[in-house]
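Labels below follow one simple rule: chain letters A, B, ... track the order of the sequence lines, proteins then strands, and each chain is numbered from 1. Computed from a predicted model, the values in this text were never measured in an experiment. These values consider heavy atoms only, across backbone and side chains, with no hydrogens, waters or symmetry-generated copies.
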There are 2 protein chains.
Amino acid sequence: MGRGKIEIKRIENSSNRQVTFAKRRAGLVKKAREIGVLCDAEVGVVIFSSAGKLYDFWTPKTTFAFAVRLPRILEKYQTNSGKILWDEKHKSISAEIDRVKKENDNMQIELRHMKGEDVNSLQPKELIAIEEALTNGQTNLRDKMMDHWKMHRRNEKMLEEEHKLL
Amino acid sequence: MGRGKIEIKRIENSSNRQVTFAKRRAGLVKKAREIGVLCDAEVGVVIFSSAGKLYDFWTPKTTFAFAVRLPRILEKYQTNSGKILWDEKHKSISAEIDRVKKENDNMQIELRHMKGEDVNSLQPKELIAIEEALTNGQTNLRDKMMDHWKMHRRNEKMLEEEHKLL
DNA sequence: GATTCTATGTATAACCT
DNA sequence: TAGGTTATACATAGAAT
């Protein structure tokens, strides 16, 4: 579509290539915008010039939708690079999950031990430690209960005396 | 570019819209391929139809380059909804973290209670439940320890007898 | 929904400034 | 290297299949 027909192959003359790039890039983006509007579609266009410069266009919604659907796109291309990148992005967050889950597991085990469960494989030393923890817990708990009770009694007495005064 | 000029606005007739979508989608991809070849560029086109179906095209190198450069693309949109939606993808993962963390907190509280800590705000009923749990734990634990000990003794005796036989 | 046909509107290659 | 002009090639709207 120009003064002459051209073959679709790399334009060797670099300034012609540059001019064609600028014009066709504009054309491509225009078409992308049009199909987006006409057909109520979400469109994204990404172009890297041979010099490595990035040009891109996204219909408004696409910025959102694209990110949401990125995994699907990468899936389709199951290339290592895509997969690796995605994994990379998730690595830190996955690490946190792992950390929290591990913490979770440890606490779960500790809790079960405190309930006398899953203790068969433990060493006598460990069993004794758990028993001590239980005993301490009981002691602490009973002290607290006693405090509560005392305070309760004191409050009751004070109320009684108030009543008497009235 | 057709029998009549059209305004660039959403095509209301849905079958016309569908036909136009298919035609222009093909056109867009063709143009993308051409600029890629002619100008030695890397091009990617992503189209989501209004029905949510994904169509995309990447020049060969782009499949790789795109993934490599994705962070740059997202950076460009960091300020706006891009960031929000990169996070959107993370939401499901974040939800899992939250869930696990919550589980974690609950266990932590339970553990502290079992150690007699942080019990001041508890109701008498709850305190009693904890004491019961502790007592049960102790009972279970002592049973297990006793079993162990018995088994240990039995094994020792058997060894002794073997030795005697030798 | 996809294809085909064809009149017409657009994009753009080659030039020019 | 960037922007404008124009002849031409191409894309596609509307209609039919």
Open item on the list: Less than 4.0 angstrom from a charged side-chain N to a carboxylate O is my criterion; do B:Arg99 and B:Glu103 meet it?
Closed with: yes
TODO: Could you state the atom-to-atom distance from CZ of B:Arg17 to C1' of D:dT12 in whole Å?
DONE: 18 Å
- [ ] Would you check if there is a donor-acceptor pair between the side chains of B:Asn13 and B:Ser15 at a distance under 3.5 Å?
- [x] yes
Task: Ionic contact status for A:Glu110 with B:Lys115, cut-off 4.0 Å - done: yes
TODO: Write down the distance between CZ (B:Phe21) and C1' (D:dA11), rounded to a whole number of angstrom.
DONE: 17 Å
Open item on the list: Can you see whether A:Trp149 engages A:Asp147 through a side-chain donor-acceptor pair at a distance of less than 3.5 angstrom?
Closed with: no
Task: OG1-CD1 distance between B:Thr135 and B:Ile130, expressed to the nearest 0.5 angstrom - done: 11.5 Å
- [ ] Could you run through nucleotides 9-17 of chain C and give me one letter per nucleotide, 5' to 3': B if any protein heavy atom sits under 4.0 Å from the base, S if only the sugar-phosphate is that close, - if neither?
- [x] BSBBBB---
